[in-house]
Structures are given as structure tokens and as C-alpha cells.
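Here's the structure we're looking at; comments come further down.
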Amino acid sequence: MHLAAELRLPTNWLDYSILAIYFVVVLGIGFAARASVRTSLDFFLSGRSLPAWVTGLAFVAANLGATEILGMAATGAQYGVAVVHWYWIGAIPAMVFLGLVMMPFYYGSKVRSVPEFLLQRFDRPAHLLSSVLFAFAAILIAGVNLYALSIVVEALLGWPQWVSIVVAGFFVLAYITVGGLSSAIYNEVLQFFVILAALIPLTILGLKRVGGWDGLTSSLEKSHGADFLSAWGGTGIGDANPLGANWLTIVLGLGFVLSFGYWTTNFAEVQRALSAKNLSAAKRTPLIAAFPKIFIVFVVMIPGLVAAVLVPGIGADGSGLTYNDAIPLLMQELLPNGVLGIAVTGLLAAFMAGMAANVSSFNTVFTADIWAKYVVKDREDGYYLRFGRLVTALGVLASIGTAFLAASFSNIMGYLQTLFSFFNVPMFVVFIIGMFWKRASVKSGFWGLIAGTAAAMVNYFVIYKQGVVGIPTDQGANFVSAIVGFVAGAVVMVVVTLFTAPKPEAELAGLVYGTRSPGTDEAPSDGDDAWYRRPALLGWGAVVLAALCYLPYSF
């Protein structure tokens, strides 16, 4: 898919100058960070030395990539105000939970990655499987950011899409390979402010063009109906709404399973908190990030709504425009030169932040969790530092390939949510049961991952795509897939646990709630084992939950 010819941006020397200055600064940060990279821990986790405000801004900026900019604007243009669910229900609660509940386990256990925690809590098969699944997902998601980046480069320079993808990929490769995670994080802090400088003028000028908020809502109500302007309108069981989902699948599928699965186990985010200088800073990292996350929804949703007014045929068959084109359309239509340069720079910053986050987490997991533990063991630290740089290059090359896969989706947000339901949700159920249920056996983690991933894929590719159950939209199907994957993983973990041996309690210190708090001498809390005495209750509850997620679509 190529960007429509009419979307070429009217850039001039001033816009290119702003862009060039930004590129020089980004590469300068990368080379400056190189001086601090002496060990593999420096390369992969910044030596665990960064203050909370830096890791907090990097945490939110790492997510402020294709998902936020093109993806959420596309979702706003396609589904309307319901996009707020991805923030106020689908992000903030999970970010708070990560900071207050899960970071003490991650940081206190001194793991270098999220999959490594599973090695300590369960066994090697669970660790290897989670590492492979995460590495694969990270490359797919990095490809989404790279594809989104190529859309802007194509609009800016008129290059063919494949050239845009390759050039953008190699530019990101340069500064990550040189400076490691520190380079990525400090660039993400800079990118956070550049992104806001791009989106805020676009939002203000867009509202001005359509007659303010009143003019926007009046136009959308006439063209799309009242439910398009209501987050919960038409979400009753059996009712129709633009999102194609009901309150049950929104709350359980997005608000609990997809949200917690992404924010608490996605190493691209958790890695930023693990690079903090101490446990207190690590816990505050997602909490600091949650504050701007509350308000960012407005500067990505409103441009999507404005595009739905100014370009009524966007996303329609035969129009030549997909929902992903919403932001470039508004940039072309609304921004004068100079401001256009800032906007283009902000978009490039956003996509590089998202891609860098996934590539830097990929090189850590592949090097520390796969290569160092299963292929080439017990080598000197310098070897793994060099290998990590090599894997970074391989990860970017692989991302270039997966970028073309992302190009086949009209709304890349839907594609991302599909990936999250396949990979993040099964990992989340294994983490959450492993952290709160001491009886969960070492074998249950591996089989829970297998069952959760397989069930989510079967629901999407067979039950939804083959029309076994009539789910109206891809987003609705993603919510259901997430619930089914979570339930299947939970049920299998309970069943396997009942027939296999638990891990010795002495080996669970600091890994399970109620055992000694990581890094402290606090005694275990009382009353933490009340619900794990009845694992069958969890299993039956999960079965009922799975049945409920299909029930609304029978109406």
C-alpha cells in the first residue's frame, strides 16, 4: 500500500532545517551515551543508574509511537470517542498496578528482563518459550513503528515506501547500536517534548478549522450518529456501536486482560523502570508516566475526529485513503511551513521512540535470555556486549521485513491489539498467577503460555475470521481473544498444578506475594493463601468468564 499522491506535504527549506537539527541532536546523544557503555549491564539496562523522572518520561515516550500517533488517531477517525478507553481504562490502572505491586518483584529479584523472572519463578521451558514469544512479538511491533515512520518519510520526501522503511530503519539502528539503552532513553525524553510540540498545534488548528468543539461534535453527530461521540454509548449487551464491542468485553478484554497484559509484562516498557537507580525510582517510573498519559488522549483523539469531518471518505473502500492517513492529511491541510517541520520532526521522534523501545528490549531478551543461557554460556562480559550490538542490527533488519506486514492493515492499532492478545496476555496470566499463588507448579508456567497463546489465535483466526461467532469488528474480536487467552492459560495452569509438584517454598522468597519482600527483611504477610487453597474455584470461575465473553454476540 502506498500513500496517496495527494498527501505529499508542502515542505520547504525551513522544515528540512528543523528536521536536520533534530537528527544531529539525536545522533549526538547516541555518541555521548557511548562513553557510559562499558559493560553489558550498561548497554542493556543503563547500569541501573537513571533517576525516576528520566525513566518516567522515557516510559511514556516509549509507548508514544505508532500506537499513539497514527494508530490512535486512526482509531478516533474510525470508532470515535471510544478511543478514550485505551487510556483511562486500558492504561492508567495497569500502570499504577505495575508501579505499586509488580516492580518490587521485578527490580528486587535483580532480573535483566521480564522473561528472566519466569526462569526464577517457574522453570527453563517456561523461560525459553516466553523469551522466544517476546522476541518475536517485539520484532513485529517494531515493524509497526517502522511502517508508520515510513508513511511520514514518504509524505515528506515522496520516496517509495520500501526506500522509506529501509532508510528509517538504518537511522534508528545507528543511535541504538552506539549508545545502547541510555541512548534510547535520553532520546525518548527529548522525543516526548518534541512529540507534544507537534501534536498540540495540530489539535488546536484542527479544532479551529471545524468550528471548535461544538462545531466538531455537531458535524460528527450528523454524519456518524450520537454514539460516535460517547465512550459508552451503545455498549449495552446486544446493542450496536461503532467499536463493535460491549461493556463486558471493554472492561474485561481491554480494561483488564489486554491492558494489564501489555503494561505489566511488555519488556519494552518495563525495561525503562528496570534501568532506574533504585527500587523507589523503579516504582515511581510508571506512576510518573501515568500523569501525562491521562491527557495525551486528547491530542491524538481530536485530530482523528477532525479528520473524520474534513475527509468524510477516509477509510472507505475506493477512497485511496486509510484511517492511518488521518495525521498526514491534517498536517498537509492545516500546518504552515516551520510548524509543519516541527510536526514532521515530532512524528519521526514518536516512531523512532517506539521502534527503539522494542529493538532495545529485543536485543536484551535475545542476548541475555536466549543466547547467553541456551546457546553460548559463560563467556566474558565483553563478548555479550559485542553480541548485543550485533543482535541490534539483526533486530532492525527483521523489523524492516515485518514493517511490510503492518502495511497490509488499514488501522495499525487493530493490528497491534491483535499481537497483544496473542503474546502479552498469555504471559500476563502466567505472571499474575505465579506471583499470587504459591502452589502454582514449575510446569504450569510453560503449559499456561502454550494454552493462552493457542486459544487466543484459535479465537481470532477460526472463531472470528471463519464466522463461527459473529463479532462485528476486529477490535471487538481482539477483546474477546484476550479474554479467551487469559482464561485458557489460567485453567491450564490450575489443572497442571493439581498434578505436578510445586516449587519448594524456600525458593520462592521475593517471587511470590506474601513471601519476604524483595530487598528487605520484612516478614511474610498473613492471610495471602486464602484463595489458593481452592484452585478449582479459580478454574470454574475462568470457565464461566470464557462463556460470558461469547454470550453478548448471540443476541
Contacts of Asp369 meeting side chain to side chain donor-acceptor pair (under 3.5 Å) (sequence neighbours excluded), chain-then-number -> Ser113, His127
Got a second to check how far Met95's CE is from Leu98's CG, nearest 0.5 Å?
-> 8.5 Å
Side chain to side chain contact (heavy atoms under 4.5 Å, CB included) against Leu419, all qualifying residues, sequence neighbours excluded | Leu140, Ile141, Tyr415, Phe423
Answer whether the closest heavy-atom distance between the side chains of Val54 and Pro51 falls below 4.5 Å.
-> yes
Kindly indicate, with the supporting measurements, whether the criterion side-chain contact (heavy atoms from CB on, under 4.5 Å) is fulfilled by Ile302 and Leu207.
-> CA-CA 8 Å; Ile302 292 175; Leu207 282 174; 3.8 Å; yes
Residues Leu258, Asn424; criterion side-chain contact (heavy atoms from CB on, under 4.5 Å); working and verdict | CA-CA 7 Å; Leu258 273 173; Asn424 291 90; over 6 Å; no
Between Met427 and Val114, is any pair of side-chain heavy atoms under 4.5 Å apart?
-> yes
Where Ala142 and Val359 come nearest, the two heavy atoms and their spacing = CB-CG2, 4.2 Å
Can you check whether Thr418 reaches Tyr460 side chain to side chain, under 4.5 Å on heavy atoms?
-> yes
Distance-only donor-acceptor check, side chains Ser421 and Ser481, under 3.5 Å | no
Worked check of side-chain contact (heavy atoms from CB on, under 4.5 Å) between Leu100 and Leu287 = CA-CA 8 Å; Leu100 298 182; Leu287 301 181; 3.9 Å; yes
Which atom pair, heavy atoms only, marks the closest approach of Ala276 to Ala282?
-> CB-N, 3.6 Å
Measure the spacing between CG of Leu19 and OG1 of Thr345 and express it to the nearest 0.5 Å.
-> 4.5 Å
Under the side chain to side chain donor-acceptor pair (under 3.5 Å) test, which residues partner Ser230, sequence neighbours left out?
-> none
Judged by atom type as modelled, is there a donor-acceptor pair below 3.5 Å linking the side chain of Arg284 to the main-chain atoms of Ala52?
-> no
Considering all heavy atoms, the nearest Thr392-Gly388 contact | OG1-O, 2.8 Å
Over all heavy atoms of both residues, which pair between Gly80 and Leu305 is shortest? Give the atoms and the distance, please.
-> CA-CD2, 3.8 Å
Which residues satisfy the side chain to side chain donor-acceptor pair (under 3.5 Å) test with Ser399, sequence neighbours excluded?
-> none
Distance-minimising heavy-atom pair for Ser275 and Arg272 | OG-O, 2.6 Å
Check salt bridge (Lys or Arg N to Asp or Glu O under 4.0 Å) between Lys293 and all other residues, then give those that pass, not counting sequence neighbours.
-> Glu68
Going by the side-chain contact (heavy atoms from CB on, under 4.5 Å) test, name the single residue among Ile250, Val251, Thr75 that passes it with His85.
-> Ile250
Please list, chain by chain and in numerical order, all residues satisfying side chain to side chain contact (heavy atoms under 4.5 Å, CB included) with Trp88, sequence neighbours excluded.
-> Val84, Ile294, Val297, Phe298
Distance-only, no hydrogens or angles: does the Asp15 side chain make a donor-acceptor pair with backbone N or O of Gly341 under 3.5 Å?
-> yes
Please tell me if the side chains of Val512 and Met435 come closer than 4.5 Å, counting only heavy atoms from C-beta onward.
-> no
From Thr285 atom OG1 to Leu57 atom CG, the distance as rounded to the nearest 0.5 Å = 10.0 Å
Rounded to the nearest 0.5 Å, how far does CG of Leu205 lie from CD1 of Ile200?
-> 12.0 Å
Listed by chain and number, what are the ring pair (Phe, Tyr, Trp, His ring centres under 6.0 Å) partners of Phe117, not counting sequence neighbours?
-> Tyr106, Phe431
Leu310 side chain reached by Leu329 side chain, heavy atoms, under 4.5 Å | no
Residue pairs fulfilling salt bridge (Lys or Arg N to Asp or Glu O under 4.0 Å) with at least one residue in residues 93-107, sequence neighbours excluded | none
Roughly how far apart are Met72 CE and Ile327 CD1, rounded to 0.5 Å?
-> 12.5 Å
Rounded to the nearest 0.5 angstrom, the CZ-OH distance for Phe228 and Tyr79 is 10.5 Å
Do the rings of Phe59 and Trp263 sit parallel, tilted or perpendicular, given the 30° and 60° boundaries?
-> parallel
Among pairs that include at least one residue of residues 198-209, which meet salt bridge (Lys or Arg N to Asp or Glu O under 4.0 Å), considering only residues two or more places apart or in two chains?
-> Arg209-Glu333
Could you list the residues that satisfy side chain to side chain contact (heavy atoms under 4.5 Å, CB included) with Ala138, not counting sequence neighbours?
-> Phe134, Asn358, Ser361, Phe362
Should we say atom CZ of Phe136 is surrounded by more than 12 heavy atoms from elsewhere, each under 6.0 Å from it?
-> no
Test ring-ring contact (aromatic ring centres under 6.0 Å, His included) applied to Phe260 and Phe486, Phe97, Phe420, the passing residue | Phe97
Short side-chain to backbone donor-acceptor contact, Thr402 and Ile139, under 3.5 Å | yes
Counterpart residues, side chain to side chain contact (heavy atoms under 4.5 Å, CB included), relative to Ala343 (two or more places apart) = Ala198, Met331, Leu335
Which atom names give the shortest non-hydrogen contact between Ile342 and Ala197, and what distance separates them?
-> CG2-O, 3.8 Å
Please tell me if the side chains of Pro303 and Leu199 come closer than 4.5 Å, counting only heavy atoms from C-beta onward.
-> no
Verdict with reasoning, Tyr87 to Ile92, per side-chain contact (heavy atoms from CB on, under 4.5 Å) = CA-CA 6 Å; Tyr87 292 79; Ile92 304 302; 5.5 Å; no
Sorted by chain and number, sequence neighbours left out, side chain to side chain donor-acceptor pair (under 3.5 Å) with Ser259 holds for none
Side-chain heavy atoms of Lys283 within contact of Tyr107, under 4.5 Å = no
Would you indicate whether the side-chain heavy atoms of Val189 and Phe193 approach each other to under 4.5 Å?
-> yes
